[in-house]
2 protein chains.
Amino acid sequence: MATSARQGPYFCGIDAAMDVVAGKWKSLILWELHHHGTRRFSELRRGLPGVSEKMLVQHLREMEEDGLVDREVYPVVPPKVEYSLTEHGISLNAALASLSAWGGERIRRIGAEKITLDEPTAVEVDVEVG
Amino acid sequence: MATSARQGPYFCGIDAAMDVVAGKWKSLILWELHHHGTRRFSELRRGLPGVSEKMLVQHLREMEEDGLVDREVYPVVPPKVEYSLTEHGISLNAALASLSAWGGERIRRIGAEKITLDEPTAVEVDVEVG
DNA sequence: CAGGATCCTCACCGATACTG
DNA sequence: CAGTATCGGTGAGGATCCTG
């Protein structure tokens with residue numbers, strides 16, 4: 001049991017969906033995994049500026065428990081763990097599309113500042129790192 | 001300023017949308033107003049079993065501030081205040097549709113208990129209460 | 001590299017009492 | 001009826017240190 005049992009009685013579908021997406025970084029994790037297919041722990045951490053390891057692990061575990069993400073551990077040294085979306089995670093992401101669009105509209109409407117998460121090409125970054 | 005300023009920098013559209021829907025009862029309020037068109041304060045309170053007046057007012061104020069709900073005060077005695085969705089609230093509701101469907105699927109999948117919010121006929125309830 | 005274990009803070013939410 | 005004001009609990013989230 002990872003921090004929360006869930007499965008609790010729900011008022012409606014939105015309630016059930018929100019329960020799964022609730023958490024400061026979950027939708028971002030969903031977004032990251034969706035756009036990259038597969039990501040290592042450290043990659044996710046770099047992709048989500050500001051997240052703490054604790055929260056990242058915790059959210060990842062809950063999402064795994066909820067059947068949204070798949071966690072694959074490679075028994076190598078140094079350790080390597082890869083995360084990816086399950087089919088349910090993918091469908092959830094699709095279901096979030098219209099909400100995302102609405103939010104985009106809202107950002108424009110109220111003129112809020114927007115933070116760019118994704119690295120430009122992920123290739124040039126590699127060059128910088130190396 | 002009602003409890004929160006928001007407008008904060010967002011990572012993406014989902015983030016901006018979640019910010020507006022965050023709050024234990026907001027999606028339910030949205031749902032109530034969507035299905036009834038217009039509701040008085042006490043009606044909303046009855047429609048959302050378990051909500052406290054404080055939270056209901058607070059959420060309503062925030063949603064008004066976010067341009068989701070419209071608040072109309074009738075200068076009569078006893079006081080009468082009606083809440084309804086603005087066009088943004090309506091479009092948000094529409095954007096939540098697919099998420100709601102996904103949540104419905106999930107409820108079925110995990111076999112979670114579901115609570116019926118809306119009164120069956122609102123007439124039989126009256127009988128039980130009386 | 002990928003976490004586990006701890007401590008701490010704050011805002012979310014609930015309950016109660018009072019008012020125009 | 002439709003709120004306002006206040007107090008207090010709880011847990012999500014954050015910071016830091018430690019480990020296989």
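First the proteins, then the strands, lettered A, B, ... as listed; each starts at 1.
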Query raised in the report: Quick one: what's the B/S/- string for nucleotides 14-20 of chain C, heavy-atom cutoff under 4.0 Å, read 5' to 3'?
Result: BB-B--B

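With sequence neighbours excluded, the residues that form a side-chain hydrogen bond (donor to acceptor under 3.5 Å, both in side chains) with A:Ser91 are B:Trp102. Judged as a side-chain hydrogen bond (donor to acceptor under 3.5 Å, both in side chains), and not counting sequence neighbours, A:Glu64 has no contacts. When the side-chain hydrogen bond (donor to acceptor under 3.5 Å, both in side chains) test is applied to A:Ser98, the partners found at least two apart in sequence or on another chain are B:Ser98. When the side-chain contact (heavy atoms from CB on, under 4.5 Å) test is applied to B:Val57, the partners found at least two apart in sequence or on another chain are B:Phe41, B:Arg61.
Among the protein residues, B:Arg45 comes within range of no part of the nucleic acid, since none of its heavy atoms lies under 4.0 Å from any strand. Contacts of A:Tyr74 with the nucleic acid, taken as non-hydrogen atoms under 4.0 Å apart, are absent.
A salt bridge between B:Asp66 and A:Arg106 is present, with a side-chain N of the basic residue lying under 4.0 Å from a carboxylate O of the acidic one.
A:Arg40 has no side-chain polar atom (N or O) that falls below the 4.0 Å cut-off from OP1 or OP2 of C:dC1. The side chain of A:His59 contributes no N or O atom lying less than 4.0 Å from OP1 or OP2 of D:dA12.
Of the candidate nucleotides C:dG4, D:dT4, C:dC13, D:dT4 has the atom lying nearest to any side-chain atom of B:Val57.
An angle of 50°, rounded to 10°, separates the two end axes of the helix from C:dC1-D:dG20 to C:dG20-D:dC1, each defined over five pairs.
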Query raised in the report: Could you go step by step and tell me if A:Glu105 and A:Arg108 meet the salt bridge (Lys or Arg N to Asp or Glu O under 4.0 Å) rule?
Result: CA-CA 5 Å; A:Glu105 275 283 336; A:Arg108 260 171 263 123; 3.4 Å; yes

